[in-house]
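Written below as structure tokens is the structure these notes are about.
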Amino acid sequence: MSDLTILTVLRSYAQMNPERLPVSILFNHTETCLTVFDAFPKAIFHFLVLPRIKPPLGVDDLTDLRTLLKCNKKKAGAVLKELSDEADNVKKMIQEEMLSRYGFQWEIWTGFHPVPSMQHLHLHIISSDLCSGKLKNKKHYNSFHPKLGFFLHLSDVLSWFEADPSFFEMRAQLKPRDYQPLLKEELACFKCGRAMKNMPTLKTHLQVEWDDEARKEKARIARKRKREESQSCQSSSSQADANKGEGRSAKRSPEISDDRATNI
DNA sequence: GTTCTAGAAC
DNA sequence: GTTCTAGAAC
């Protein structure tokens with residue numbers, strides 16, 4: 001594939017009949033959206049949700065977030081709602097996969113790049129580990145740093161629609177000059193904020209952070225399971241007592257209990 | 001978006 | 001001498 005084709009490959013997907021896209025590229029599709037595997041995933045899970053070309057908006061309105069927000073606000077909002085609904089579906093599938101493959105769940109970010117490299121609007125759905133061999137340089141990392149300002153969280157973009165119209169107009173500008181410099185900011189861990197002297201150091205640190213999170217979450221899940229087992233054991237052994245009296249243990253549903261508050 | 005590589009940084 | 005970054009790619 002030539003350099004030129006790479007930049008417009010998402011647009012060509014959006015124009016295609018989804019049935020004709022290989023399963024290695026297409027993850028899911030709806031009437032309005034396509035979800036594809038990011039060809040160079042910057043985390044363990046990384047997908048792109050694209051709007052399909054559908055009236056009233058044309059392909060040029062959907063080049064990126066800036067061109068979308070420039071056209072009719074109501075129609076732009078409708079497109080974002082469709083992307084958001086599909087993202088919710090995909091997030092659920094990722095969460096199941098996290099649990100079955102890794103035994104715990106971690107955060108998933110959804111958002112846009114204000115200055116995208118590829119044409120055609122795409123919503124990133126990316127797991128919050130940023131552990132990937134494809135994440136190689138400062139630009140890659142800073143573009144997904146959740147607090148730096150370059151990664152525009154979908155929830156924030158949606159909130160612009162509810163805000164004062166002048167605020168919407170201001171945020172909708174999305175001038176590259178306002179965002180490009182963020183990509184050159186010093187490297188710092190998005191979790192602990194510590195400065196990192198170079199990419200190899202940062203990548204090693206991110207792996208440690210994620211391994212740490214995995215260990216703590218899995219221990220939390222194990223404690224929870226153990227407590228639930230002992231509770232169900234107690235309640236079955238005290239069935240006779242429960243029948244006599246109030247049966248306190250049945251009042252508290254395991255789903256409601258949250259040991260995060262007490263253990264972390 | 002990536003790959004390649006010159007030369008800066010260590 | 002080796003590692004690492006950052007700009008060119010026709």
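Protein chains get the first letters and strands the later ones, always in sequence-line order, with residue 1 at the start of each.
- Applying the 4.0 Å criterion to OP1 and OP2 of dT3(B), one finds that K134(A) has every side-chain N and O outside that range.
- Across all strands shown, H122(A) has no heavy atoms under 4.0 Å from either base or sugar-phosphate atoms.
- At a threshold of 4.0 angstrom between heavy atoms, the contacts of K138(A) with the nucleic acid are absent.
- Here the straight-line distance linking atom CG of L48(A) with atom CD1 of I125(A) works out to 8.5 Å at 0.5 Å rounding.
- One interatomic measurement links the two molecules: CE of M118(A) to P of dG1(B), which rounds to 7 Å at whole-angstrom precision.
- Using the Watson-Crick or G-U wobble rule with both distances under 3.5 Å, dC10(C) pairs with nothing in any strand shown.
- Note: CG (L202(A)) to C1' (dT5(C)) measures 14 Å, nearest angstrom.
- With both pairing distances under 3.5 Å, dG1(B) is matched to nothing as a Watson-Crick or G-U wobble pair.
- The aromatic rings of F150(A) and Y179(A) sit perpendicular to each other, their planes meeting at more than 60°, with 30° as the lower class boundary.
- Here dT2(B) presents its P atom at 12 Å from CG of L10(A), a figure rounded to the nearest Å.
- Residues H145(A) and F151(A) keep their aromatic ring centres 6.0 Å or farther apart.
- The side chain of H140(A) approaches dT2(B) more closely than any other nucleotide in the set dG1(B), dC4(C), dT2(B).
- A tilted orientation is assigned to the rings of F104(A) and W210(A), their planes being inclined by 30° to 60°.
- Contacts of P116(A) with the nucleic acid, taken as non-hydrogen atoms under 4.0 Å apart, are absent.
- The side chain to side chain contact (heavy atoms under 4.5 Å, CB included) test with L123(A) is passed by exactly one of V49(A), V90(A), T35(A): V49(A).
- Side chain of K136(A), nearest nucleotide from dG1(B), dT3(B), dT5(C): dT3(B).
- In this structure, M199(A) atom CE and dT2(B) atom P are separated by 12 Å, rounded to whole Å.
- If you measure from atom NE2 of H46(A) to atom P of dT2(B), you get 10 Å, rounded to the nearest angstrom.
- Nucleotide dT5(C) holds its C1' atom 15 Å from the CG atom of L135(A), rounded to whole Å.
- The nearest whole Å value for the distance from the NZ atom in K197(A) to the C1' atom in dT5(C) is 15 Å.
- With rounding to whole Å, N198(A) atom CG is found 9 Å from dC10(B) atom P.
- K184(A) comes within contact range of the sugar-phosphate backbone alone, with a heavy-atom separation under 4.0 Å but no base atom that close.
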